[in-house]
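Working notes, structure below.
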Amino acid sequence: MSYTKTIRKTVRIPYSGSVSYGPSQSGGSVSYSGTVTEEIEVNVEVDTEPFEESIYNCNQSIGGLTGAVVATEAAQIASINANAKKVSGAIVKGFFSTIRSEITQQIAELKSQVDATLIHLRGLAQRCVEKQKQMERDYNSIAKRYLKTFEDLNNELSNRIYELNKPAFAFSKQSNQQNNRAYENDLVSTVAVFGKEGAELEAKISASIVKKRALDTIEKANTFLLKQKQLEELINRNMLKESKNATAYVPICFIEMENEQKQIDKKLYQQEFISQMPTNELMDNFLKQNWHKLPEENIVQLKRYFNIEIDNRYSNSDNHSSRVKGHILKMLQLNEIECI
């Protein structure tokens, strides 16, 4: 829209100069100066229609530019979105493909391991079945042999008992005959005679039992006194008639072994005829000791004695005993003998 603006301003104009005049009495020139003040008023009328029209046109152009920019941004965002989806889809697909291939490889490896383990377990199961059958055969053969041995022992003991107690068996046979005679005969006199004979026989049997028990008691007392006398004589022969300090050695078994939980178990076994010492104290003492190897001569002697004991306890005629003996000797060869 058009508007009018009035501008007022006071203008001050200084002036100066000189005036020459003609000859007179004295002649010469006169100077003058001063200031002139003038009030100026200017009315300015401003026409703004062309400017407003240009502003309107500029606004229209800016609006169009804004719409174009928004459309371009929307298109750019849509393109970025589409490209991002394509890239993310490709990445996800590649990731899952990689994971799938790795899982497939791991499954193949584990399957091969499982198949190998199953084959090994089948082999172990077959060996266990064969071992079980062999143990059953060994057990049946041993049981059959020992059963025959025990039957022979029973028959031999039965014969020896019969021979040792032959009078008692004969007496029992005669008693049975007398019982049969008494119960099968209806004569009253026979019953009376049998009663008297039975009473006398019971009295004799009771007296013989008492005598036998007394004789056994006397024999046991005699044996005890004889053994005690022999023990005292043996102690008197072995004891030194002097008093001095000495060290007594007693075997103690200390075992360390690994259990099913992969832990170390410690056990200590002491002799029953000595006073029991604290187990924990003995274990700590064993663990604190410095172990060293035995001389080769002592090791040879120990192995010789050990082999003699094994030969005495296990015979070579039995397959089971031979296998046990072989395992014991193998365990001895795999370990070293050490001492404190």
Side-chain angles (χ1 to χ4, degrees), residues 139 142-185 187-253 267-279 282 305-306 308-315 317-318 321 324:
Y139 174 78
I142 293 171
K144 185 177 179 180
R145 184 172 64 253
Y146 280 106
L147 182 63
K148 185 177 183 304
T149 303
F150 285 125
E151 288 179 354
D152 295 339
L153 287 174
N154 288 332
N155 295 329
E156 184 67 23
L157 289 174
S158 177
N159 295 330
R160 290 187 179 182
I161 290 171
Y162 181 79
E163 292 296 330
L164 291 173
N165 299 319
K166 191 173 182 180
F169 284 108
F171 177 75
S172 175
K173 185 177 180 181
Q174 292 178 3
S175 297
N176 292 331
Q177 292 176 357
Q178 291 295 328
N179 288 331
N180 294 330
R181 181 174 62 85
Y183 289 115
E184 291 175 358
N185 197 343
L187 297 177
V188 178
S189 59
T190 305
V191 174
V193 171
F194 176 74
K196 180 179 179 182
E197 291 177 352
E200 292 178 355
L201 186 58
E202 288 179 359
K204 291 179 180 180
I205 291 172
S206 299
S208 63
I209 291 173
V210 171
K211 289 180 180 179
K212 181 65 170 62
R213 289 178 179 176
L215 181 61
D216 292 339
T217 304
I218 293 171
E219 288 180 355
K220 290 180 179 179
N222 187 15
T223 304
F224 173 74
L225 294 174
L226 180 61
K227 294 295 183 181
Q228 186 175 10
K229 180 65 175 177
Q230 292 176 355
L231 179 61
E232 289 178 356
E233 291 177 354
L234 182 61
I235 291 173
N236 291 329
R237 285 197 307 268
N238 294 328
M239 288 181 61
L240 299 175
K241 295 181 179 181
E242 60 182 2
S243 177
K244 66 178 182 180
N245 295 327
T247 301
Y249 294 93
V250 178
I252 294 176
C253 182
K267 293 183 180 181
L268 186 70
Y269 298 94
Q270 304 182 41
Q271 295 292 338
E272 297 178 355
F273 59 85
I274 62 171
S275 58
Q276 300 294 308
M277 290 178 284
T279 304
L282 286 174
Y305 177 77
F306 186 80
I308 292 173
E309 290 294 326
I310 291 296
D311 292 335
N312 292 332
R313 290 181 179 271
Y314 296 97
S315 61
S317 60
D318 186 9
S321 299
V324 172

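Atom set for the values below is all heavy atoms of this structure, side chains included, hydrogens, waters and symmetry mates excluded. Treat the numbers as computed from the prediction; the structure is a model and nothing was measured.
The CG atom of L226 lies 11.5 Å from the CG atom of L231; values are rounded to the nearest 0.5 Å. Remark: S206 OG to K211 NZ distance equals 12.0 Å, nearest 0.5 Å. A distance of 10.5 Å separates CD in E156 from CD1 in I161, rounded to the nearest 0.5 Å. Taken from CD1 in I209 to NZ in K204, the straight-line distance is 14.5 Å, to the nearest 0.5 Å. If you take CG on D152 and CG on L147, they are separated by 9.5 Å, rounding to the nearest 0.5 Å. N154 contributes atom CG, which lies 10.5 Å from atom CG of N159 (distance to the nearest 0.5 angstrom).
Counting only heavy atoms from C-beta outward, the side chains of E219 and D216 approach each other to under 4.5 Å.
For S158 (side chain) and N155 (main-chain N/O), no donor-acceptor pair under 3.5 Å exists by modelled atom type.
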